[in-house]
Amino acid sequence: MTAARTSAPNAPPLIYGRPGFLLRRAHQLSVGLFERQCAEFGLTPPQYGVLSVLSYAPDIDQITLAKALGYDKVTISHVVRGLQARSLLTRETTSAGRRRMIIRLTRQGRTLLRKAAVGAARAHDELLRPLPPEEQGHLLRLLDQLCSALEDQARAPMVKLLP
């Protein structure tokens, strides 16, 4: 028997039962569903996340925004610049220093977020649809528990701003 095979002759490779593999695959499926439901708005899940956080926490700085979504400063900078180029948000320096940027949704940003929320909700429902309703809530609680327990080990720690 070769090292590439499992102990059972026709068993699938062990990778398919690993939590990291399953979480990555679930994320790929989630992104695909979101992009299909929100294609008309030209939004990616990170862009939608930025718009959503800004709708609940207006006038926050870019570093706080990155932490609210669990992104590093470089990634959030790219996402914010793209949304700014589409006139969906503004960035302004503060009196505290030129490096601190306050971010605000524009009227266009609020309108697009409102429209895209319907597609985002459909993608959410579609992702969880294979599970019975009681298991949907259970899955979300388990994922939250997993993330909360490991947060201190994250490369880009997240700080929840929203309830």
Side-chain angles (χ1 to χ4, degrees), residues 19-20 23-129 131 133 135-163:
L23 288 167
R24 181 192 58 80
R25 186 64 183 145
H27 180 258
Q28 287 175 321
L29 294 165
S30 176
V31 168
L33 293 170
F34 179 91
E35 289 177 346
R36 187 173 67 230
Q37 292 292 341
C38 294
E40 68 184 284
F41 308 111
L43 287 176
T44 64
Q47 291 170 332
Y48 183 81
V50 165
L51 297 176
S52 295
V53 168
L54 291 175
S55 74
Y56 287 99
D59 299 343
I60 64 173
D61 63 88
Q62 197 162 307
I63 293 170
T64 303
L65 176 62
K67 289 179 182 179
L69 293 165
Y71 289 127
D72 60 82
K73 290 185 268 186
V74 173
T75 300
I76 204 68
S77 179
H78 289 298
V79 174
V80 165
R81 282 189 188 128
L83 292 169
Q84 184 180 17
R86 292 175 60 187
S87 300
L88 300 175
L89 55 81
T90 61
R91 292 188 312 163
E92 301 172 13
T93 56
T94 67
S95 58
R98 291 176 35 107
R99 297 192 67 149
R100 188 162 180 241
M101 303 293 284
I102 296 296
I103 304 171
R104 294 182 178 105
L105 279 179
T106 62
R107 186 180 319 227
Q108 281 180 265
R110 283 189 297 277
T111 300
L112 183 64
L113 176 61
R114 216 173 13 259
K115 290 177 181 177
V118 174
R122 281 194 305 257
H124 171 92
D125 292 345
E126 195 173 349
L127 180 65
L128 295 177
R129 187 171 295 127
L131 302 175
E135 288 183 11
Q136 293 175 11
H138 188 65
L139 174 64
L140 294 174
R141 285 188 298 279
L142 286 173
L143 288 170
D144 186 56
Q145 181 181 350
L146 180 72
C147 291
S148 295
L150 298 172
E151 192 61 48
D152 62 337
Q153 297 177 48
R155 283 187 279 162
M158 190 178 93
V159 177
K160 290 184 181 180
L161 296 180
L162 311 174

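Of all heavy-atom pairs spanning R86 and F41, the tightest one is NH2-O, 2.8 Å. What you find for A116 and C38 is that their closest heavy atoms are O-SG, 3.8 Å. Closest approach of Q108 and S87 over heavy atoms only: OE1-CB, 3.4 Å. Shortest non-hydrogen contact noted between S52 and L113 is OG-CD1, 3.7 Å. Between F34 and T44, the shortest heavy-atom distance links the atoms CE2-C, 3.5 Å. Here the closest non-hydrogen pair linking A26 and L127 is O-CD1, 4.4 Å.
Between R129 and D125 the shortest side-chain heavy-atom distance falls below 4.5 Å. With contacts defined as side-chain heavy-atom distances shorter than 4.5 Å, the pair H124/S30 does not qualify. Using a 4.5 Å heavy-atom threshold, the side chains of V80 and M101 count as separate. Between V79 and L69, every side-chain heavy-atom pair lies at or beyond the 4.5 Å cut-off.
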Output a table of donor-acceptor pairs, distance under 3.5 Å, between side-chain atoms of residues 147-159 and any protein atom two or more places apart or on a different chain; print 'none' if there are none.
{"residue": "S148", "atom": "OG", "partner": "D144", "partner atom": "O", "Å": "2.9"}
{"residue": "E151", "atom": "OE2", "partner": "M158", "partner atom": "N", "Å": "2.5"}

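Q47 contributes atom CD, which lies 8.0 Å from atom CG of L88 (distance to the nearest 0.5 angstrom). Between the OH atom of Y48 and the CG atom of L83 there is a distance of 13.0 Å, given to the nearest 0.5 Å. Atom CG of L143 and atom NE2 of H138 lie 10.0 Å apart (nearest 0.5 Å). The structure places CD1 of I102 at 8.5 Å from CD of E92, a figure rounded to the nearest 0.5 Å. Between the CG atom in L43 and the CD atom in Q37 there is a gap of 13.5 Å [rounded to 0.5 Å]. The CG atom of L65 sits 8.5 Å away from atom CG of L161, with the distance rounded to the nearest 0.5 Å.
A donor-acceptor pair under 3.5 Å is formed between the side chain of Q136 and the backbone N or O of L128. Side-chain N or O atoms of R141 include one that pairs as donor or acceptor with a backbone N or O of G137 at under 3.5 Å.
The stretch residues 46-75 participates, sequence neighbours left out, in these salt bridge (Lys or Arg N to Asp or Glu O under 4.0 Å) pairs: D59-R104, D61-R100.
By the neighbour-count criterion of 12 heavy atoms within 6.0 Å, atom CD of Q28 is densely surrounded, having more than that number from other residues, nucleotides or ligands.
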Evaluate the side-chain contact (heavy atoms from CB on, under 4.5 Å) criterion for residues L54 and I60: first the C-alpha distance (whole Å), next the side-chain angles of each, then the deciding distance (0.1 Å), finally the verdict. CA-CA 7 Å; L54 291 175; I60 64 173; 3.9 Å; yes

